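Data first, discussion second: the structure below is written as structure tokens.
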Amino acid sequence: AIDRISIKLHELSAMPKASQRLLEDSAFDVEGWLAERIAMKFARAEAAAFINGTGTDQPRGFLDHDIVANGTESWGELGYVATGAAGDFAASNPADAIVDLVYALEAGYRANAAFVMNSKTAGAVRKMKDGDGRFLWSDGLAAGEPARLMGYPVLIAEDMPDIAEDAFAIAFGDFRAGYTIAERPDLRVLRDPFSAKPFVLFYTTKRTGGDVTNFEAMVIQKISA
């Protein structure tokens, strides 16, 4: 069956101001610098919402959906694989949980899959070894290439939860197939030199939305027994 999924666009906005004198006399491009700073702020807000957003006035993050034990989920829910210990990975063979997570994902999605976790979790995971004492983690060989865990890229997203009791600390999946971002890519800037003289207002907006569109394409690691 084919169903239609609607993703609403939500507006990000900012309105910094600078004096006309500063804009005229500054030794560097103030307008360009402001635009760059706003773009960075918008990107951070979007990244946070794609993970934890509620869908109200912001994109809906994948962790906002119901997450149930892997194998029991229905459409609209994500499956999780437990680490086997309360609030942490198991004391013996902790890497087994990572292996179980990888193979909980359908084979068709594993080829383009990646891990998503924050820096604290990555610091714990990169110490894990297999039964022969080899690290599961390998650093990228070329500049700009992501590190790999069991051969799959690791994307660091600081908005993912820390390792804690019942936290969904790691996601694994083909996010290109599983999560859809809808946006107007242009950053619109309305320059207003009249409303707050002697200041110039830069009313900046961007419209973006996002939601899970394929629940089979990702699985979650839950830090629990």
Side-chain angles (χ1 to χ4, degrees), residues 3-67 76 78 114-122 143-144 146 153-162 164 167-169 171 173-215 217-218 220:
D3 199 5
R4 184 177 68 180
I5 297 173
S6 297
I7 297 177
K8 294 182 179 180
L9 296 183
H10 306 279
E11 188 169 274
L12 286 162
S13 63
M15 193 166 61
K17 64 182 180 180
S19 71
Q20 185 65 49
R21 181 175 294 177
L22 175 64
L23 294 172
E24 291 172 353
D25 297 346
S26 178
F28 75 104
D29 180 10
V30 175
E31 287 189 50
W33 179 83
L34 280 172
E36 184 179 331
R37 297 293 296 177
I38 292 168
M40 287 174 58
K41 289 283 189 180
F42 281 4
R44 289 174 186 168
E46 287 174 328
F50 295 151
I51 294 172
N52 296 305
T54 62
T56 302
D57 296 329
Q58 60 184 201
R60 187 175 184 186
F62 59 83
L63 292 185
D64 186 62
H65 290 272
D66 290 333
I67 304 174
L78 295 174
F115 289 95
V116 178
M117 64 188 79
N118 70 22
S119 293
K120 288 184 180 179
T121 305
V154 180
L155 307 179
I156 302 298
E158 301 301 357
D159 297 293
M160 288 292 288
D162 291 339
F168 298 113
D174 182 348
F175 294 92
R176 190 180 296 258
Y179 194 89
T180 298
I181 296 171
E183 65 178 354
R184 291 190 64 113
D186 52 328
L187 195 69
R188 301 202 167 195
V189 181
L190 177 64
R191 196 179 194 274
D192 177 7
F194 305 112
S195 299
K197 288 181 180 179
F199 294 99
V200 178
L201 302 177
F202 297 92
Y203 181 58
T204 311
T205 59
K206 183 181 180 184
R207 297 172 68 209
T208 187
D211 203 350
V212 176
T213 48
N214 186 345
F215 291 87
M218 60 185 80
I220 311 295

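Numbering starts at 1 and runs along the sequence shown. Values below: every heavy atom of this structure, side chains too, minus hydrogens, waters and symmetry copies. The model shown is predicted, which means the values in this text are computed figures rather than measured ones.
- Between Thr205 and Ser13, the closest side-chain pair of non-hydrogen atoms falls below 4.5 Å.
- Looking only at side-chain heavy atoms (C-beta outward), Thr208 and Phe50 come within less than 4.5 Å of each other.
- With rounding to the nearest 0.5 Å, the separation of CG in Asp211 from CD1 in Ile5 is 7.5 Å.
- When all heavy atoms are compared, the tightest approach of Thr121 to Pro161 is OG1-O, 3.8 Å.
- Relative orientation of the Phe62 and Phe175 rings is tilted, given thresholds of 30° and 60° on the angle between their planes.
- Between Thr204 and Pro16, the closest heavy-atom pair is OG1-CD, 4.5 Å.
- Closest non-hydrogen pair, Leu63 versus Met160, comes out as CD1-SD, 4.1 Å.
- Between Phe199 atom CZ and Arg21 atom CZ the span is 11.0 Å, to the nearest 0.5 Å.
- Distance CE/Met15 to CD1/Ile38: 11.0 Å, rounded to 0.5 Å.
- The distance from atom CG of Leu34 to atom NZ of Lys17, rounded to the nearest 0.5 Å, is 12.5 Å.
- If you take CE on Met117 and CD1 on Ile156, they are separated by 6.5 Å, rounding to the nearest 0.5 Å.
- In this view, Arg176 and Asp174 satisfy the side chain to side chain contact (heavy atoms under 4.5 Å, CB included) rule, not counting sequence neighbours.
- Nearest approach of Gln58 to Ala49, heavy atoms of both residues: CB-CB, 4.4 Å.
- Remark: Phe202 engages no residue in a ring pair (Phe, Tyr, Trp, His ring centres under 6.0 Å) (not counting sequence neighbours).
- For the pair Ser195/Tyr203, no side-chain contact is recorded, criterion being any heavy-atom separation below 4.5 Å from C-beta on.
- Ala47 approaches Asp159 most closely through the heavy-atom pair C-OD2, 3.9 Å.
- Considering all non-hydrogen atoms of both residues, Arg191 and Val200 come closest at CG-CG1, 3.8 Å.
- Within the structure, every pair that satisfies the salt bridge (charged side-chain N to carboxylate O under 4.0 Å, His left out) test and touches residues 41-62, not counting sequence neighbours, is listed here: Glu46-Lys206, Arg60-Asp64.
- The backbone N or O of Phe194 lies less than 3.5 Å from a partner atom in the side chain of Asp192, making a donor-acceptor pair.
- Interatomic distance, Leu187 CG to Glu36 CD, rounded to the nearest 0.5 Å: 11.5 Å.
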